[in-house]
2 protein chains.
Amino acid sequence: MMELTRKGEYAIRGIVYLAGQPTDCICLLNDIATAVDVPATFLAKIFQQFSKIGLVKSFRGTGGGFVLARSPDKITLLEVVEAVEGRIVPNRCVAGRDECERSVTCHIHPVWQRVQNQVRDVLSAVTLKDLVSE
Amino acid sequence: MMELTRKGEYAIRGIVYLAGQPTDCICLLNDIATAVDVPATFLAKIFQQFSKIGLVKSFRGTGGGFVLARSPDKITLLEVVEAVEGRIVPNRCVAGRDECERSVTCHIHPVWQRVQNQVRDVLSAVTLKDLVSE
DNA sequence: CCCTAAAAAGACATTATTTATCCTTTTAGG
DNA sequence: CCTAAAAGGATAAATAATGTCTTTTTAGGG
């Protein structure tokens with residue numbers, strides 16, 4: 001339970017690398033993939049997701065590549081993780097609909113809610129800036 | 001990420017049901033499975049794990065079955081979940097050994113550590129008694 | 001001592017998810 | 001047009017989750 005998938009790990013590695021590059025640098029996917037040691041085709045999918053939700057900006061064609069859409073201190077670890085893993089949900093019953101059909105007064109529901117809140121709070125308190133600076 | 005597996009869900013359902021039974025009641029696996037709507041063979045594996053780590057006591061043969069090994073207020077949700085899902089570990093790098101081979105000064109490590117602590121704290125604050133009473 | 005009830009254990013089958021690759025399409029620059 | 005690069009789609013391979021079946025061990029009761 002609770003384990004970050006490889007995809008999530010790759011996502012963090014990739015975007016933290018990007019955050020560590022000079023602002024004006026348009027990075028090629030292949031270069032990022034090589035630098036962070038992730039299969040390029042897999043990282044491509046991840047960056048497509050980043051691009052869709054506006055974490056990074058992408059440019060096609062010659063001279064294209066990726067840059068961060070916002071400054072590193074404005075992007076949280078939570079955004080990065082949820083971009084590729086989906087919303088953090090410890091149990092189906094905090095998912096909104098379809099909630100706790102097994103019992104009208106579900107005592108576990110609020111527990112998962114607390115877990116979810118705690119985790120999201122921790123991750124949203126960390127920015128790419130925190131992760132890239134040394 | 002962070003999703004409880006079906007196994008974990010079944011485990012909770014099963015042991016909460018057991019906690020809700022009279023103390024002197026030795027429950028049959030098949031009865032529990034029927035009551036909580038879980039495949040009996042699958043629940044058997046789960047209860048074997050409970051038995052091994054001493055969450056429940058099992059009795060074989062005629063008149064056998066399962067009872068809680070401790071009173072419901074002495075068994076935490078954390079114990080139940082970790083019994084079947086293994087230790088809660090958000091990322092390989094909090095697992096102990098094999099830690100963060102990618103960087104000497106891993107900035108993410110302490111974040112996962114915080115996540116792990118928060119989650120375990122929430123789950124260890126809840127007992128079976130909390131889950132069974134209404 | 002034998003028969004039956006029940007959990008324990010092991011092997012296996014099925015399904016779903018994760019991880020990874022490949023090919024085609026779109027976009028843009030020169 | 002030609003080339004470089006990301007986007008998108010389809011699919012394969014590997015791994016993990018879920019579920020089933022059979023045999024073994026343990027214990028009670030005639």
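Note that these values count all heavy atoms, side chains included, but never hydrogens, waters or copies made by symmetry. Lettering of chains follows the sequences in order, A, B, ..., and the numbering in each one begins at 1.
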task = Give the C-alpha distance, both sets of side-chain angles, the deciding distance and a yes or no for side-chain contact (heavy atoms from CB on, under 4.5 Å) between R13(B) and Y17(B).
result = CA-CA 6 Å; R13(B) 277 199 227 160; Y17(B) 173 84; over 6 Å; no
task = Please report the C-alpha distance between T127(B) and K74(B) in whole Å, then the side-chain angles of each, then the deciding distance to 0.1 Å, and finally whether the side-chain contact (heavy atoms from CB on, under 4.5 Å) criterion is met.
result = CA-CA 7 Å; T127(B) 69; K74(B) 292 282 187 294; over 6 Å; no
message = Working note: Y10(A) + V36(A), criterion side-chain contact (heavy atoms from CB on, under 4.5 Å); need CA distance, chi angles, decisive distance, verdict.
response = CA-CA 8 Å; Y10(A) 291 170; V36(A) 301; over 6 Å; no
message = Assess the residue pair N91(A) and I108(A) against the criterion (side-chain contact (heavy atoms from CB on, under 4.5 Å)); give the C-alpha distance rounded to whole Å, side-chain angles, the decisive distance to 0.1 Å, and a yes or no.
response = CA-CA 10 Å; N91(A) 187 266; I108(A) 307 202; over 6 Å; no
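A search for salt bridge (charged side-chain N to carboxylate O under 4.0 Å, His left out) contacts involving R70(A) returns E79(A), not counting sequence neighbours. Contacts of K45(A) classified as side-chain hydrogen bond (donor to acceptor under 3.5 Å, both in side chains), with partners at least two apart in sequence or in another chain: none. Taking the salt bridge (charged side-chain N to carboxylate O under 4.0 Å, His left out) definition, one finds that E82(A) meets it with R120(A), sequence neighbours left out. Taking the side-chain hydrogen bond (donor to acceptor under 3.5 Å, both in side chains) definition, one finds that T5(B) meets it with E85(B), sequence neighbours left out. In terms of the side-chain contact (heavy atoms from CB on, under 4.5 Å) criterion, residue partners of N117(B) (sequence neighbours excluded) are, by chain and number, Q113(B).
The interatomic distance linking E3(A) (CD) with dA17(D) (C1') rounds to 14 Å, in whole Å. Taking atom CD1 of residue I26(B) and atom P of nucleotide dA27(D), one finds them 13 Å apart after rounding to whole Å. Taking atom CZ of F42(A) as the reference point, atom C1' of dA7(D) lies 17 Å away to the nearest angstrom. Here dA5(D) presents its C1' atom at 14 Å from CZ of F47(A), a figure rounded to the nearest Å.
Side-chain N/O atoms of D31(B) and T34(B) include no donor and acceptor closer than 3.5 Å.
Near DNA chain C, meaning a heavy atom under 4.0 Å from it, residues 53-70 of chain A has R60(A), G61(A), T62(A) in order of number.
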request  = Could you run through nucleotides 9-14 of chain D and give me one letter per nucleotide, 5' to 3': B if any protein heavy atom sits under 4.0 Å from the base, S if only the sugar-phosphate is that close, - if neither?
outcome  = B-----
query = Tell me, what's DNA chain C's dot-bracket, Watson-Crick or G-U with both distances under 3.5 Å, | for other-strand, [ ] crossing?
reply = ||||||||||||||||||||||||||||||
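Comparing C27(B) and P39(A) by the nucleotide of DNA chain C that holds the closest heavy atom to each, the one mapping nearer the 5' end is C27(B).
Nucleotides of DNA chain C that come within less than 4.0 Å of any heavy atom of chain A span, from the 5' end to the 3' end, dT19(C) to dG29(C).
Counting only residues at least two apart or on different chains, no ring pair (Phe, Tyr, Trp, His ring centres under 6.0 Å) pair has a member in residues 20-39 of chain B. Within the structure, the salt bridge (charged side-chain N to carboxylate O under 4.0 Å, His left out) test picks out no pair touching residues 52-62 of chain B (sequence neighbours left out).
Phosphate proximity of dT18(D) to T5(B): present, with a side-chain N or O under 4.0 Å from OP1 or OP2.
Looking at heavy-atom distances under 4.0 Å, Y10(B) makes contact with sugar-phosphate atoms alone, never a base.
Chaining together hydrophobic side chains whose heavy atoms lie under 4.5 Å apart leaves L28(B) on its own.
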